[in-house]
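Encoded as structure tokens, the structure appears first; notes follow it.
Because the structure is a prediction, the values reported are computed rather than measured. Every heavy atom of this structure was used, including side-chain atoms; hydrogens, water molecules and symmetry mates were not. All chains are named by letter (A, B, ...) in the order of the sequence lines, taking the proteins before the strands, and each is independently numbered beginning at 1.
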Amino acid sequence: MNTPKRITIFVGYYGSGKTEIAVNYALALREQGKKVVVIDFDIVNPYFRTKDAEALLTEHGIRLIAPMFANSNLENPGIPPEIYSVFTDKDAYVIFDVGGGEDGAIPLGRYHSYFEKEACDVFFVLNERRMITGDLEGALDAFSEIAAVTRVPITGIINNTHLKEDTTPEVILKGQELAEQLAEEINLPVVYLTGTEENLKKLPKEYEALAFPIHTYINLVF
Amino acid sequence: MEKKVLMKGNEALAEAAMRSGCRHFFGYPITPQTELAAYMAKQMPKRGGTFLQAESEVAAINMVYGAAGAGARVMTSSSSPGISLKQEGISYIAGADLPCVIINIVRGGPGLGGIQPAQSDYFQATKGGGHGDYRLLVYAPSSVQEMADLVGVAFDKADTYRMPAMIMGDGMLGQMMEPVSFKEPIAPEDLPQKEWATCGTGMKRKKNIINSLYLTPDELEELNDARLKRYETILKDEVLFEEYQTEDAELIFVAYGTIARIVMSSVNTLREQGIKAGLIRPITLWPFPSEIINQRADSAKMFLTVEMSQGQMVEDVRLAVNGKKPVYFYGRNGGMVPEQEAIVEEAKKYLQK
């Protein structure tokens with residue numbers, strides 16, 4: 001892991017892998033002995049969200065802030081007022097797991113006055129195997145649409161290219177090409193490249209510094 | 001086949017529709033199918049098509065009626081309460097012999113119900129839904145890949161038989177992501193011409209009429225009976241199903257969609273314990289794979305139907321088995337999903353009887 005800022009925000013296209021990364025990132029920070037708060041900031045889609053990993057996070061002593069009725073039939077797109085507490089508790093490392101696309105990113109705007117006061121890591125998560133972000137044009141579109149509404153500048157790209165269990169090192173490297181093309185186009189660094197530990201081990205040495213291993217925590221029932 | 005991509009079920013349905021030459025989509029958002037409409041909203045204009053969010057589900061299905069009458073490949077999608085609203089339009093489309101594809105990403109009911117996955121719209125999909133003697137072709141995929149594949153099949157068969165086709169998924173299939181590959185796209189202009197469509201005579205032919213109102217009873221009966229003939233062909237030719245370890249099975253599960261995947265794991269668990277279990281997975285819910293079920297009833301000792309409902313498809317399984325062997329049922333509903341272990345226990349309970 002690079003030296004993390006106190007606030008980390010994950011944005012990206014729908015299904016790019018923000019939640020899995022957020023959960024893994026939180027656990028990694030916790031492992032370093034940090035006080036960690038995760039915010040389930042998805043008010044667009046009620047499925048596959050950080051709230052699903054609540055038990056795991058709690059077990060590791062990580063605080064989860066989620067919409068009040070998340071995972072109930074009363075699901076409503078309300079942003080919990082508790083979020084403001086993370087801007088006063090400066091000891092805590094905070095992770096915003098933002099909803100998909102520009103619709104998901106819009107509500108970040110209301111906190112811009114807080115984000116302006118301290119440097120934040122804002123990472124754009126990219127999966128080259130998601131059809132819409134599968135080429136430079138699509139990735140640029142998705143990036144621009146999100147960057148236009150966050151009101152906090154995006155600071156880096158995460159290559160989260162995978163095909164679930166069909167992922168191979170080649171798949172990850174193909175995604176890395178696109179992430180690097182995008183990085184050049186928008187003048188931002190690729191900060192991480194993700195994968196299972198097994199796949200990451202098989203990558204060429206030059207990627208070692210970027211590698212961020214992922215465990216899948218949000219699972220299906222079969 | 002192009003490169004494999006990772007898609008949500010809802011997105012795969014939308015992408016597959018456009019690749020099947022669909023350039024008209026009319027819908028109204030509802031959880032858990034909204035990604036389909038959202039995907040269409042972004043992609044249709046880029047591919048020269050029409051996405052329209054109607055003022056209601058009723059409006060959307062009537063727009064489908066219009067576009068289908070003009071010969072276009074057209075789709076609408078919704079989830080349970082929205083599909084209920086569409087029923088009048090669906091009956092009209094069936095009555096006017098028009099092809100279209102309707103997606104139902106089923107959620108718990110009745111009423112507004114919930115937003116979690118369910119299979120409680122089986123009766124509605126396969127036994128009518130709207131008024132009158134009519135059928136829908138009903139496809140029940142169990143993976144994102146199959147969702148993508150069946151969209152093309154649904155459009156083709158709807159055109160062949162001039163009738164609406166439905167793809168019935170559930171909230172879980174709609175929301176989950178899996179690797180999928182798509183067939184090469186077909187351009188709308190490369191699709192077979194529809195001689196009956198109301199797309200302008202060009203002063204070269206007699207006008208076509210799209211209608212479902214026939215006030216002379218003998219004329220209406222004649223049309224209905226002609227439709228019945230087509231349904232008989234479908235029952236004979238269009239049944240799709242998958243069998244898993246049924247040859248020597250003592251207990252055969254019948255399950256479709258998401259649940260079939262959980263049941264498949266249960267079959268494996270039972271087999272590991274030395275219990276001969278198998279699975280018949282209907283892929284078409286109408287026409288229902290009655291023949292294979294009846295055939296397997298000669299060798300199996302019993303059937304266990306598993307559904308995310310209070311027991312709907314089980315009635316068709318019983319009709320298919322026709323009293324040869326007992327047919328049991330296990331289900332959860334309201335958005336609850338039967339668990340693999342619970343299914344195994346249920347099977348053992350009946351085997352020990």
Q | B/Gln175 vs A/Phe48, side-chain contact (heavy atoms from CB on, under 4.5 Å): CA-CA, chis, key distance, verdict | A | CA-CA 8 Å; B/Gln175 292 296 326; A/Phe48 300 110; 3.8 Å; yes
Q: Apply ring-ring contact (aromatic ring centres under 6.0 Å, His included) to A/Tyr25 and list each qualifying residue two or more places apart in sequence or on a separate chain.
A: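 A/Tyr25: ring-ring contact (aromatic ring centres under 6.0 Å, His included) contacts with A/Phe10, A/Phe212.
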(Q) Need one label for A/Asn127: side chain, backbone, both or neither, based on atoms under 4.5 Å from any heavy atom in chain B. (A)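 The side chain, not the backbone.
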Q. Are the side chain of A/Lys164 and the backbone N or O of B/Met177 linked by a donor-acceptor pair below 3.5 Å?
A.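 Yes, A/Lys164 side chain to B/Met177 backbone: donor-acceptor pair under 3.5 Å.
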Q: In sequence, state the C-alpha distance, the side-chain angles, and the governing distance for B/Val180 and A/Met131, and then conclude on side-chain contact (heavy atoms from CB on, under 4.5 Å).
A: CA-CA 10 Å; B/Val180 51; A/Met131 180 162 278; over 6 Å; no
Q | Ion pair A/Glu170/B/Lys3, N-O distance below 4.0 Å | A |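 No, this pair does not count.
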(Q) So if I take each residue of residues 6-20 of chain B and look for any heavy atom under 4.5 Å from a heavy atom in chain A, which residues do I end up with? (A)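 At a heavy-atom separation under 4.5 Å, chain A is reached by B/Leu6, B/Met7, B/Lys8, B/Glu11, B/Glu15, B/Arg19.
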Q | Neighbour count >12 (heavy atoms, 6.0 Å) for atom CD, B/Gln273 | A |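 For B/Gln273, atom CD is crowded (more than 12 foreign heavy atoms under 6.0 Å).
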Q) Taking atom CG of A/Leu136 as the centre, does the number of heavy atoms from other residues, nucleotides or ligands within less than 6.0 Å exceed 12? A)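 More than 12 heavy atoms, drawn from other residues, nucleotides or ligands, come within 6.0 Å of this atom.
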Q.
Please give me the minimum heavy-atom distance between B/Pro179 and A/Asp166, naming the atom from each residue.
A.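 Smallest interatomic distance, heavy atoms only, reads CG-OD2, 3.6 Å.
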Q: Give, for atom CG of A/Asn45 and atom OG1 of B/Thr34, the distance between the pair rounded to the nearest 0.5 Å.
A: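 OG1 of B/Thr34 is found 8.5 Å from CG of A/Asn45.
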Q. How far does NZ of B/Lys42 sit from CG of A/Asp141, to the nearest 0.5 angstrom?
A.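 Going from NZ on B/Lys42 over to CG on A/Asp141, the span is 8.5 Å.
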Q) Picking from A/Arg130, A/Glu165, A/His162, which has the most non-hydrogen pairs under 4.5 angstrom with chain B? A)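 Most heavy-atom pairs under 4.5 Å with chain B: A/Arg130.
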Listed pairs under 3.5 Å, donor-acceptor, residues 177-185 of chain A side chains, sequence neighbours left out:
{"unit_1": "A/Glu180", "atom_1": "OE2", "unit_2": "A/Gln176", "atom_2": "NE2", "d": "3.0"}

Q. What residue pairs, at least two apart or across chains, pass salt bridge (Lys or Arg N to Asp or Glu O under 4.0 Å) with a residue in residues 204-218 of chain A?
A.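 Only A/Lys205-A/Glu208 qualify under salt bridge (Lys or Arg N to Asp or Glu O under 4.0 Å).
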